[in-house]
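For clarity, every value in this text was computed on a predicted model and none was experimentally measured.
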Amino acid sequence: MSRSARTVFLALMLSLSAVAAPAYAAPPPTSPHRDPGNGPERNEVAATDQPMSVARAAAGENVAGDHSGYPRKTKLRVYPENAADKSIKLGLAPYHAIAPKLNALQARSDRISVEIAGQSGLGRDLYLVTLTAPESRSETRRQDAWRSLIENDPARAARDPFLRHGYKAPVWINNNIHGNEWEGTDGALRVIEKLATSNDPKTVELLKRNRFYFNVTANPDGRVAGTRQTSQGFDPNRDFVTASQPEVRAMRGIAIGKQPLMMLDEHGYVENTLIEPTTPPHGQNYDFDLYIKHGYANGLGMEQAVKALGRPETAKPEIPFRDYDPGSWDGWAPIYTAQYAMYHGAVSFTIEIPMRVNNADYETQPVTELQRRAVINTEVVEATIGSTLNYVDRNRGELIANQIEMFRRGTAGEAQREIPDGFVPGFGPEDRYRTEFPRAYVIPAGADQRSAVAASRLVDHLVANDVRVRQADRPFSLAGRRYPAGSYVVDMHQPKRGLANVMLEQGSDISAKVPVMYDISGWSHRLLWGASVDIVKQGRLDVRTHDVVAASPTGGVDAAPGRDLALKLVDAKDVSAVNDLLNRGLALGRTDDGTIVVPTSARPAAAEVADRYGVRFTEARGTATPLSRKTIAAAVGPDELKALRDMGFDVRPVSAAVLNAGFDWSRADLLFVSSGLRYTDLTPAAKDGLRAFLARGGVVTRGATGARFNTDVGLLEARPVAGWEDGNGVVSVVNGTGPVGAGALPDSFVYGPFWFTDLGSSVNVEQRYASGNPLVAGHWRTRDDGTGGPLQAAGQAAVVSGTTGLGGRAVLFGTEPLFRDHPKGLYSQVAKAVYWAASK
């Protein structure tokens with residue numbers, strides 16, 4: 001379909017979806033091109049407890065990161081056969097068969113090495129396979145030195161003729177990141193075996209000039225279970241900006257440690273096959289001219305390789321940049337593997353193989369048909385990988401120079417290039433996204449820092465992503481401000497400035513630039529992680545600093561001996577410290593403004609948790625009411641379950657089914673409702689038990705499911721209004737003085753935003769959307785009938801609290817404070833809601 005035809009189609013779809021929305025709007029139809037992540041549908045299925053381990057065998061002998069030569073022989077542990085592995089039905093490799101195959105190939109070939117890149121959430125090994133010609137230890141050290149030179153001294157690397165001639169081009173092939181998109185693993189295994197065993201002279205020469213890295217299955221728990229998500233319920237291809245999952249942290253390590261020139265992320269399923277590059281919006285922090293030339297050329301090459309299979313099902317591959325309309329397959333957010341890898345110097349692609357074998361098809365199609373489709377999909381994977389490896393070999397010199405130039409521009413602080421129309425066929429004004437990088441970001445120390453523990457977390461996260469952070473050895477001044485020693489400086493003259501900026505900038509409101517966006521369009525660690533971060537737009541950095549490997553300790557007790565201690569809840573780590581003390585059976589107090597009071601008798605325990613969580617206790621003042629340990633019955637999404645447990649709350653997952661089966665409310669203090677619980681789905685007995693609990697216990701709700709629950713049960717007099725269902729991003733808010741809004745951040749996050757009107761006299765507004773246009777960064781449009789947009793939300797109540805008609809307390813969130821483990825600076829607001837609502 002042409003761009004113009006698709007524009008008409010999308011306009012029609014938008015007009016059809018713009019009918020006046022009810023208070024509880026159903027999620028919009030899924031994209032015709034992408035399966036859903038854990039977005040709006042997360043309101044429908046409540047998280048459950050997952051098993052925490054799998055059967056273990058002997059540990060492997062090697063780990064990724066070794067600097068010995070190649071090959072690196074690793075005797076992989078072999079897992080017991082599992083007849084329940086969902087890949088078996090498709091005729092594909094079950095997880096337990098992968099290690100024996102790789103062990104056998106290592107025994108046969110000196111071109112293959114296998115290392116353990118990490119473990120999955122359930123403890124399964126993540127296999128990183130390297131294919132290259134044998135190397136001595138000294139040859140490997142030389143390759144490592146060249147790789148370091150490219151990043152750390154790109155100007156010198158560009159002048160090094162030995163590097164240009166001898167550097168082995170690194171290529172990363174990532175597979176099966178979505179567990180029920182299986183065939184990437186199987187196609188990769190075919191290529192691995194060919195490269196390891198072929199006697200073809202071309203293959204031998206190919207491996208002399210290149211290194212090929214295969215992450216064989218990025219999500220083995222999902223592969224076995226046949227689920228898109230990890231064992232913890234997270235979509236790993238939405239997690240790279242935060243890296244909350246061990247599987248994602250392993251992939252992050254590959255991207256940093258191997259520094260690929262090119263990478264493929266093998267997915268499914270899009271009819272005909274989909275091959276990036278993407279449509280606009282393109283991430284504004286990329287040096288896009290260094291991406292799109294080879295991105296488009298290799299995309300065309302993969303297209304021809306897929307067509308050459310000669311199958312009708314693969315006759316018309318789709319390249320979004322060429323074939324789709326803006327926004328329908330974007331390259332905006334750094335949450336995806338391919339988009340994240342670009343910040344580490346890779347020309348990267350998401351590949352969507354064509355024949356669906358998951359979800360309903362897995363259950364309804366005959367086994368023979370499923371296996372036929374899986375064969376075709378495996379061939380497509382093999383074709384895209386083979387074409388890419390050959391492209392890299394043919395263009396090795398240009399690709400090396402390309403990566404060097406990206407890092408050189410960053411180190412030199414040069415402006416992004418203006419890309420002319422027609423730079424590649426079809427490139428035009430709609431593809432032009434740029435930013436102006438600041439000179440530096442400063443994360444102040446001392447009194448200027450809102451939360452020292454949040455600053456420490458942010459610094460450690462930046463460092464973990466290979467962003468360079470330095471710490472001041474003495475006080476200094478920048479841009480008219482004075483900073484104390486110990487403050488952190490992120491000098492934006494660094495090779496990976498794009499990654500630094502995409503995490504620390506405010507972002508952009510792109511609502512008017514594209515009609516639709518598939519997933520989140522706004523994020524900001526600077527605004528949403530709870531740390532104070534200043535922007536230095538220009539000027540010299542005359543600051544004496546040293547490199548940061550890890551942030552400085554932040555914990556302590558600042559109160560005279562014999563005095564009670566106080567801890568303000570401004571960060572999730574503060575909440576963790578409080579819950580740690582409560583779980584020890586200590587008697588704490590809570591003041592009217594939410595400050596936690598620790599008796600002087602508990603000072604040794606307070607000092608211990610201060611060191612453990614990095615929090616600081618001050619001297620307590622005023623009176624406090626007793627605070628006890630809180631147990632939460634939670635009908636929530638997996639991300640919310642993780643966040644609540646990370647803060648140390650005792651959380652017991654519930655749903656309508658759990659309550660109908662009989663739930664013991666006697667040990668619960670609060671009900672959290674955001675997913676998988678509708679009052680109308682409960683049996684009469686379950687309703688009676690719930691209402692009895694609500695007469696004494698608290699409630700916190702979030703989103704569409706929570707709003708419906710509030711109305712159905714009759715908790716607070718507050719009419720929920722649904723914003724545009726796809727609206728998402730960072731929003732500006734105005735905080736009230738109540739127990740939940742006081743002290744909260746001035747920015748929040750929304751995904752399918754809500755607000756509350758027609759408030760009863762007993763309902764308090766804890767937080768409002770700011771006046772004017774509250775959207776700071778993201779994509780949030782007004783429906784065609786004039787409803788649901790940010791201008792309609794302006795000034796409206798985003799978070800409310802009050803005493804319910806049944807006698808308990810309730811807090812209703814129209815924002816998304818626990819979304820995907822990302823907006824960490826908002827977590828303490830939820831904790832304050834829990835403590836207040838559960839402390840009737």
Side-chain angles (χ1 to χ4, degrees), residues 151 237-245 248-249 251-253 255-256 281-287 331-346 406-407 410 413 416 433-444 449-451 453-470 488-508 510 519-537 548 550-551 571 728-730 745 747 749 776-778 819-826:
E151 178 184 353
N237 202 41
R238 304 291 183 272
D239 192 44
F240 278 86
V241 74
T242 302
S244 70
Q245 299 299 290
V248 173
R249 292 192 289 274
M251 287 180 274
R252 179 179 70 186
I256 295 171
H282 311 298
Q284 65 187 25
N285 289 286
Y286 301 137
D287 287 291
W332 183 250
I335 58 176
Y336 311 114
T337 323
Q339 278 60 50
Y340 177 78
M342 290 171 68
Y343 290 110
H344 293 286
M406 171 186 160
F407 294 150
Q416 293 171 312
Y433 285 80
R434 299 173 65 193
T435 192
E436 292 185 10
F437 296 107
R439 182 63 184 84
Y441 291 97
V442 179
I443 305 172
Q449 183 52 251
R450 181 181 187 273
S451 170
V453 67
S456 176
R457 177 178 56 239
L458 178 57
V459 167
D460 285 340
H461 186 71
L462 292 170
V463 171
N465 282 275
D466 204 28
V467 172
R468 300 173 184 201
V469 183
R470 299 183 63 82
Y488 299 99
V489 179
V490 181
D491 184 348
M492 290 298 288
H493 287 190
Q494 62 172 289
K496 297 182 181 178
R497 63 175 179 180
L499 184 56
N501 210 48
V502 82
M503 290 186 173
L504 293 175
E505 69 175 347
Q506 170 181 293
S508 297
I510 58 172
D519 208 279
I520 66 168
S521 312
W523 58 90
S524 176
H525 293 355
R526 175 168 62 87
L527 298 180
L528 297 179
W529 272 37
S532 302
V533 184
D534 295 337
I535 304 171
V536 179
K537 291 188 176 181
V548 173
D571 189 82
N728 69 87
V730 183
L745 291 178
D747 297 286
F749 186 80
V776 173
F819 186 75
R820 294 185 190 165
D821 211 26
H822 169 49
K824 297 180 186 296
L826 309 182

Side chains of [X] and [Y]: does their closest heavy-atom pair fall under 4.5 Å?
X      : Y      : value
Gln449 : Pro444 : yes
Val548 : Leu462 : no
Thr435 : Glu505 : yes
His822 : Ile520 : no
Tyr286 : Gln339 : yes

Test your reading of the model: is there a side-chain donor-acceptor pair from [X] to the backbone of [Y], 3.5 Å cut-off?
X      : Y      : value
Asp534 : Val442 : no
His461 : Val241 : yes
Arg249 : Ala243 : yes
Trp529 : Leu826 : no
Trp523 : Val502 : yes
Trp332 : Ser521 : yes

Member of Arg497, Arg468, Lys496, Arg439 meeting the salt bridge (charged side-chain N to carboxylate O under 4.0 Å, His left out) criterion with Asp491:
Arg439
Smallest separation among heavy atoms of [X] and [Y], with atom names:
X      : Y      : value
Ile256 : Ala464 : CD1-O, 3.3 Å
Tyr340 : Ala255 : CE2-CB, 4.4 Å
Ser456 : Ala551 : OG-CB, 3.2 Å
Ser451 : Gly530 : CB-O, 3.7 Å
Phe407 : Pro495 : CD2-O, 3.4 Å

Separation of [Y] [atom2] from [X] [atom1] (nearest 0.5 Å):
X      : Y      : atom1 : atom2 : value
Phe240 : Met251 : CZ    : CE    : 4.0 Å
Gln284 : Gln416 : CD    : CD    : 8.0 Å
Asn728 : Phe749 : CG    : CZ    : 5.5 Å
Ile335 : Thr242 : CD1   : OG1   : 9.5 Å
Asp571 : Arg450 : CG    : CZ    : 8.5 Å
Asp239 : Arg820 : CG    : CZ    : 9.0 Å

Between Arg238 and Asp821, does any side-chain N to carboxylate O distance fall below 4.0 Å?
no
Salt bridge (charged side-chain N to carboxylate O under 4.0 Å, His left out) involving Arg434 - partner list, sequence neighbours excluded
Glu418
Going by the side chain to side chain contact (heavy atoms under 4.5 Å, CB included) test, name the single residue among Val730, Asp747, Ile535, Leu527 that passes it with Gln506.
Leu527
Which residue is it: Val467, Val489, Val490, Leu458? I am looking for the one with a side chain to side chain contact (heavy atoms under 4.5 Å, CB included) to Tyr441.
Val490
Regarding Asn237 and Thr337, is there a side-chain donor-to-acceptor distance under 3.5 Å anywhere?
yes
Side chains of Tyr343 and Asp466: is there a donor and an acceptor less than 3.5 Å apart?
no
